[in-house]
Amino acid sequence: MAVTEGAAAETLDVERVRADFPILAREVNGRPLVYLDSAATSHKPQRVIDAVADFYARHNANAHRGIHTLGEEATELYEDARARLARFFGAPAPETIVFTRGTTESINLVAQGWGRTVLREGDEILLTEMEHHSNIVPWQMTVEVTGARLRYIPLTDDGLLDLSGLDALLTERTKVLGVTGMSNALGTITPLAELIAAAHAVGAVVVVDAAQLAPHHAIDVAALDVDFLAFSGHKMLGPTSSGGLYGKAELLERMAPMLGGGEMISEVFHDHATYKSPPYRFEAGTMEVAEQVGLGAAVAYLQELGMDAVRAHERAITAYALERLAEAGATIYGPTDPAIRGGAVSFWYKDVHPHDLAQILNEEGVAIRAGHHCAQLVMRRYGTPATARASFYVYTTTQEIDALIAALATAEAIFA
Amino acid sequence: MAVTEGAAAETLDVERVRADFPILAREVNGRPLVYLDSAATSHKPQRVIDAVADFYARHNANAHRGIHTLGEEATELYEDARARLARFFGAPAPETIVFTRGTTESINLVAQGWGRTVLREGDEILLTEMEHHSNIVPWQMTVEVTGARLRYIPLTDDGLLDLSGLDALLTERTKVLGVTGMSNALGTITPLAELIAAAHAVGAVVVVDAAQLAPHHAIDVAALDVDFLAFSGHKMLGPTSSGGLYGKAELLERMAPMLGGGEMISEVFHDHATYKSPPYRFEAGTMEVAEQVGLGAAVAYLQELGMDAVRAHERAITAYALERLAEAGATIYGPTDPAIRGGAVSFWYKDVHPHDLAQILNEEGVAIRAGHHCAQLVMRRYGTPATARASFYVYTTTQEIDALIAALATAEAIFA
Amino acid sequence: MALDDIYKEVILDHYKNPRNKRPLERATVSCTRNNPLCGDEITVLANVEDGTLREVAFQGAGCSISQASASMMTEAVAGRPVEEALDLAAAFRGMMAGEVEPTEERFGDLVALKGVVRYPIRIKCAVLAWDVLQESLAGDGEATATSIH
Amino acid sequence: MALDDIYKEVILDHYKNPRNKRPLERATVSCTRNNPLCGDEITVLANVEDGTLREVAFQGAGCSISQASASMMTEAVAGRPVEEALDLAAAFRGMMAGEVEPTEERFGDLVALKGVVRYPIRIKCAVLAWDVLQESLAGDGEATATSIH
Ligand SMILES: Cc1ncc(COP(=O)(O)O)c(C=O)c1O
Ligand SMILES: Cc1ncc(COP(=O)(O)O)c(C=O)c1O
């Protein structure tokens, strides 16, 4: 299995991990910060903060431009980050990793650069109803230009993909299957290997939104045989504006650039230009150099923790949270088996509207997210405008879950 | 005049300025770093490095998402940066500033979001031959989709725009004039006020590439009456992956998004989505939050120096460099009057190829850039594949120019 | 405790027992808008005759702040000339921006929402109903899905 | 001084007095490519008969490294079977990647370029002519503007 889960995964020493994250020393409203919003963005270990600062203080230059020493150092740091990401994801070569600002830009790049080149009227793009807006809207925009058609895999009542009608949805008209590796709204981990095999059987290309999966799970793109995989650095301990797109070399080769400009060209004439080979064809203008270097440091940190241990911790803390939330009387959205879900837990607590709940919890230092989580199709499917969501990462403790549960009582008292 | 140059500009205390930039303490090849490549990217004062680090260490959260305290702080810092940039550029409202990763992305946003919406076959896009590839290739891509036609304002032998034939080039067919405020390859400062008036007289919209102008010159978009203005944070003391696009509100309102995804939408349905108002319509997914916060700190720093003093320093150091380079026997590309040019000086030194020159200078700690500077039309116009370029900023000293001149002698000795 | 500022009795009362939350058959204008942050949706319906808001109602679901604000709004503007209702909307927006003094004379029950000023994101919840009212009175009150933020 | 490593006599000699820098009327293959970093352009022309490079020439302008490398290359591969020329190209690339021992026996004058390994960006200058040679021998030697980087 490509999403590996070590049977004998080591566990994290969470207290030691926490010491690496300066923001966890913060207080909010006079209480210790209990940050349960890592699915929105993760915090950054000191090492990542230092990598960015150090880049500016010692190696700052534009990458791939200068002959001078700083230019060479910056280029090397930037390309080292690319190589590290390639290894992290099991990609065959660094050149299969295109740097982008994150998942949203990566999916737009596929939907435009590949989708608009390849898709025709009559073609179908198959998504799922649990996709984040970032894996829906770019395809809607591509549909407008190409005349292809969007279809959706529906959801079961308990938050899984309903694959019972897959044969009718996934046909030789299907040219793309866009699917999240893990839902940010439901926590669901999707059966990627199975979906990819089914898609390939009809000749469709698979675009995986790994924004939520990548931070918690070892991913091996080669073993998975995935065609494109999008990820966000800021959700996996890296800086904002870091991330990228893995793409199979032969697909990247056929892809048109989405942005034109400096450094992605080979030659520019008055009326046309020729472009570089991937990945540079897709990296127009000055890139997020310091940020990708910071992401390299984040990935190195994750590698040291060990992705098996990271996943084991997520699974354990999620199991604990699900149990405590159920005890407290919360309604959970999404699967309740920690083996097939990640650490983003959507819920309603009694009748307290998520906005009110988030506000009241914040007063106790507990940070959760309230809203539609950029997944309005999910909200509509389950008949609610919004949910409250608690999400976890390597620094989350059971004591923090306890703090969440305790704070729920305050909310109940106000709204009783 | 909108690009103001104070008659009695204060001057910079360059030594004090230098103390703010940690990288300037670096040595390269055993010599003090002499960084003459600020047109590629500027260095960052400690304050900017700290602003980014501080964001991660104390306020890190996704902007515009959370109800919790960190989310509110992150949102406030991000929007404060927007408001500061609006003031810095004399923009009427923060909402007229769209955040992007920099000039290249900004121009692509206009060329796609506005250009593809508005341009038709028969329409013309007028550029200049001194544009950076980032203000050429996005328009070529738009031409491919819309059938509009590209035309170019030619250059005079001494590196200015040749406006003698402007009446024939700028006609009622012209829907866009794309022009740089300052050429990165020639140093030329263009007569923006005049060009904007002429373009508006025929109903064309003006897109100014301010990548090089913004770092050195006070710009007042309202006084200039410019329609769109693109800028890069990393060239004006800010982090990589910061910058934006100013656009007149009524133009932004008509513009289609370039990227779809989370947070730029109002409502998402299976088959379509509705979008937010500008600027949020154009900010899909998690943005470069820490970076724009860092850019806010950079702009605050520039404001404290005073843009008149910044420009006065650029002018003085450029005058000195031009004089010394001419004495040394270098051939200058571009105008030689410091009043109408900025501090990016392209040259050939005797017969030493720019690549060789840059390499040899680097051995002495002097960092210059060699190449076509993403301006191949300029190179072709003046019949050279490449030039050497020395470029200056607030921390550049006359002693550094002297070091450059001294190092030229080494090159001459090797190639004599 | 700080939360008292925003979860006051009067707000909770309007939330739990919303006034004028019902269909309005005689509505001459109506408008539906959502808060893109949370997906909450509010419809405002009004019966305007001779430039006066004869009846005002609302529908939709949302958090306590948006529901209470909508409920109080229907009471505050019903029976008033359109001009006055729009003035009050502007004043309310001013109070939320911290620019208009939150006086009992001017705002009545609505003054209870003044604590929301301290929570920038919740301000959107508080003004949602007022935005929708304004849009419906602006004439283009068709229930389209244009956003407000 | 470190620069000696790269600006050796032999390199400067080939730069100042390039060998085989001329048109080649009997050329059976030719290819032009540019280095996108600096805009330097090199054309390689060769007369291939019976699988052997009878004559090899180059044209174009560039820095000392790219010009010297091209000049040395024309000397090194002329008269050799295509196979051998391609092997040498691969070996040269290996030397530039620091993976192939830079021996005089194998590389002759070309060994002078070994110092370039320390300057990653200049490696592109050194291999440019070899890339172009390879492409022209690969058959699709039309002078198109595909990039190499
Ligand atoms: C004049 C000009 N325009 C555009 C750009 C592109 O800016 P960026 O690389 O920050 O997108 C540059 C910088 O290289 C420039 O000098
Ligand atoms: C499942 C999923 N996909 C896509 C995204 C978008 O990622 P980003 O905002 O980093 O572009 C997110 C994050 O919000 C997500 O959770």
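Protein chains get the first letters and strands the later ones, always in sequence-line order, with residue 1 at the start of each. Atoms considered below: every heavy atom in the structure, side chains included; atoms not considered: hydrogens, waters and symmetry mates.
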With distance as the sole criterion, is a donor-acceptor pair present between the side chains of His270(B) and Glu129(A) under 3.5 Å? yes
Pair Glu144(B)-His272(A), side-chain donor/acceptor within less than 3.5 Å: no
When you measure from the side chain of Glu105(A) to the backbone of Leu259(B), do you find a donor-acceptor pair of N or O atoms at a distance under 3.5 Å? no
Does Gln112(A) use its side chain to pair, donor to acceptor, with the backbone of Met258(B) at less than 3.5 Å? yes
Could you check which of Ile107(B), Leu70(B), Leu127(B) has the highest count of heavy-atom pairs closer than 4.5 Å to chain A? Leu70(B)
Contacting region of Glu263(A) [heavy-atom separation from chain B under 4.5 Å]: both
Is it the side chain or the backbone of His59(A) that comes within 4.5 Å of chain B heavy atoms, both, or neither? both
Closest non-hydrogen atom pair, Ile49(B) against Ala53(A): CG2-CB, 3.6 Å
Please find the pair of heavy atoms, one from Tyr275(B) and one from Val137(A), that lie closest to each other, and give the distance. CE2-CG1, 4.1 Å
State which residues pass salt bridge (charged side-chain N to carboxylate O under 4.0 Å, His left out) with Glu283(B); sequence neighbours excluded, sorted by chain then number. Arg82(B)
Given heavy-atom pairs under 4.5 angstrom as the criterion, report whether the side chain, backbone, both or neither of [X] touches chain A.
X         : value
Phe21(B)  : neither
Asp271(B) : backbone
Val28(B)  : side chain

List the steps, then state whether salt bridge (charged side-chain N to carboxylate O under 4.0 Å, His left out) holds for Glu291(B) with Arg101(A). CA-CA 11 Å; Glu291(B) 292 72 21; Arg101(A) 158 204 289 128; over 6 Å; no
